[in-house]
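I have placed the structure first, in the form of structure tokens, so that the comments after it can refer back to it.
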Amino acid sequence: MNNLVFDSESLNQILENKPASRQEIIEIYQKATTNPDNLYQVSQNLRKKFKNNSVTFSKKAFFNIVNLCKDTCSYCTYKSEPGEAKLSLMSKQQITELLTLAKKYRCVEALFVTGEQPEQRYQEARDWLKENGFKSTVEYLIHSSELALEMGMFPHTNAGNLNYEEMKELKKTNVSMGVMLENVSERLTEKGMPHHLAASKRPKARLAILENSGKLGIPMTTGILVGIGETIDEIIDSLFAIKQLNDKHGNIQEVILQNFQPKPDTRMKNEPSADEKYFKLVVALSRIIMPQMNIQIPPNLSPKSYQSFLSVGINDWGGISPLTPDFVNPEFSWPEINKVDDYSKKAGFDLKCRFPIYPEYFSFISKELRDKISVIEDEEGFVKEEYWR
Ligand SMILES: O=c1nc2n(C[C@H](O)[C@H](O)[C@H](O)CO)c3cc(O)ccc3cc-2c(=O)[nH]1
Ligand SMILES: C[C@H]1O[C@@H](n2cnc3c(N)ncnc32)[C@H](O)[C@@H]1O
Ligand code: MET
Ligand code: SF4
């Protein structure tokens, strides 16, 4: 590859004619490590071209349904053991109470999160299910999703590796679902690596889940956890794996780029958080690998600088909760929506409140769900201002 690739105009041309190849992306990255400006220019142009001047977010409440988990990821502080203060086993009443409160705060999304197959490993989880009248966590999620819909909120479930039948059931009530690929690298599952004790994070398993979501036509959120000891090649391979899935099924609605933050009670407590320069390069590469994709970074994980990511390619802030903590990163509180609005405006962008499902994917869901959205959507498919401001 010659120096032309580094020139932003030539880069643009490459992307006009055909998608960038893996090898081109590696070279673009290498050159950008000394001078990232051209790369940023191109990612910003693509972002403008496909996403205009909008940046979106989802006004959500985080339902920590059950945080017992049969797996152990070395970076995770969400997972709890029985008896710990942070253990969460939400009762039906607690779920109803939080839904009621979320409605008062004018939330649109109910984000349901669980550990991985908790009842497979913990008697406490089996007892909890029994007390609430359910045979499985998924059955409980189906019930919770129905409750959310009844109260006028839209469920988005991220319960890790669900099987085809389970996802098919949840599709009836969930407008979208999520599962993070994290990374496609087998190396990260080896001894001493972050996914060694997490069978559900084996790349083949995660890719199979995403493949199933494609077969089922579920609008799907996935993404990469950046800064967990991966190489840039492994990041690039992960991005191409997501692109390939989406080229096949067209159901990947957004890619979350989540920057690792160390947690004191985890094996990775002494590892540094993801380097911001590196993280920004990953954001920009994601935009040029998938020019039309919705690309999200969580603003709470870059509290001092999140607005600067608008100029390297992102177009979404993900879920922002006015009432619940981010149970995955509890030390990082959500910015106020008004602040995010101000910062976005100052950077030249209009903040819009989206549903958990993006407007481009409305045709994927049932008429029943579609009708529920249409009551409060504006001409562009976002949430009418009067429903969330
Ligand atoms: O508040 C959070 N929301 C998380 N979300 C929700 C996300 O921010 C958005 O609200 C939804 O994706 C809506 O599209 C996730 C969704 C996924 O599908 C997979 C992983 C996450 C991770 C988080 C998270 O760590 N914190
Ligand atoms: C729910 C999602 O949160 C992300 N996640 C888990 N632990 C951390 C951490 N320490 N820092 C940043 N993100 C994390 C993973 O990507 C997981 O899939
Ligand atoms: C905090 S992670 C929540 C979802 C699931 N346990 C996963 O890792 O994908
Ligand atoms: S990230 Fe998800 S699968 Fe991994 S330990 Fe945490 S809850 Fe379990």
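Both counts, for ligands and for their atoms, begin at 1 and track the order of listing. Because the structure is a prediction, the values reported are computed rather than measured.
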Exercise for review: Measure from NZ or CZ of R47 to the centre of the six-membered ring of F50, then state whether that distance is under 6.0 Å and the direction lies within 45° of the axis.
Suggested key: no

Review point. Between F57 and W388, does the ring centre distance come in under 6.0 Å?
Key: yes

Check your understanding: Does CD belonging to E211 count more than 12 external heavy atoms closer than 6.0 Å?
Key -> yes

Exercise for review: Consider ligand 2: state whether an atom of it lies below 4.0 angstrom from any non-hydrogen atom of N259.
Suggested key: yes

**Study point:** N or O pair under 3.5 Å between N158 and ligand 2
**Key:** no

Point to revise | Interfacing atoms of ligand 2 (cut-off 4.0 Å, heavy-atom, M180) | key: 16 (O), 18 (O)

Check your understanding: Would you find more than 12 non-hydrogen atoms of other residues, nucleotides or ligands less than 6.0 Å from K86 atom NZ?
Key -> yes

Exercise for review: Give a yes/no on ligand 3: does K201 have at least one heavy atom closer than 4.0 angstrom to it?
Suggested key: yes

Review point. Y122 and E81: side-chain donor and acceptor closer than 3.5 Å?
Key: yes

Exercise for review: Would you mind listing which atoms of ligand 3 come within a distance below 4.0 Å of any non-hydrogen atom of R206?
Suggested key: 7 (C), 8 (O), 9 (O)

Practice item. Verify whether the ring centers belonging to F355 and F382 lie closer than 6.0 Å. Key: no

Check your understanding: What do the steps show when you test F240 against R22 for side-chain contact (heavy atoms from CB on, under 4.5 Å), and what is the final call?
Key -> CA-CA 8 Å; F240 273 102; R22 181 183 186 277; 4.1 Å; yes

Check your understanding: Is there a heavy atom in K201 that sits closer than 4.0 Å to ligand 4?
Key -> yes

Study note, to complete from the structure: For D71, the ligand 4 atoms with a heavy-atom partner under 4.0 Å come out as 5 (S)

Practice item. Between V113 and ligand 3, find which residue part has any heavy-atom pair under 4.0 Å and reply side chain, backbone, both or neither. Key: side chain

**Study point:** Option nearest atom 16 (O) of ligand 2 (shortest heavy-atom distance, choices K269, E331, E182)
**Key:** E182

**Study point:** Subset of ligand 2 atoms that lie under 4.0 Å from at least one heavy atom of F260
**Key:** 10 (N), 11 (N), 12 (C)

Check your understanding: Any side-chain donor paired with an acceptor under 3.5 Å for N294 and K51?
Key -> yes

Check your understanding: Can an N, O or S atom be found in C76 less than 2.8 Å away from atom 4 (Fe) of ligand 4?
Key -> no

Check your understanding: Counting only heavy atoms, which portion of M268 has something under 4.0 Å from ligand 2: side chain, backbone, both, or neither?
Key -> neither

Review point. Of all the atoms in ligand 4, which lie at a distance below 4.0 Å from a heavy atom belonging to Y78?
Key: 7 (S)

Review point. Considering only the protein, which heavy-atom contact is closest to atom 2 (S) of ligand 3, and what is its distance?
Key: Y78 CD2, 4.7 Å

Check your understanding: Taking the six-membered ring for Trp, are Y140 and W128 ring centroids under 6.0 Å apart?
Key -> yes

Study note, to complete from the structure: At under 4.0 Å between heavy atoms, what of Q117 touches ligand 3? The answer is neither

Check your understanding: Under 4.0 Å from ligand 3, counting heavy atoms only, is it the side chain of T114, its backbone, both or neither?
Key -> backbone

Point to revise | Check against salt bridge (charged side-chain N to carboxylate O under 4.0 Å, His left out), R354 and E254 | key: CA-CA 12 Å; R354 64 168 171 83; E254 65 177 338; 3.3 Å; yes

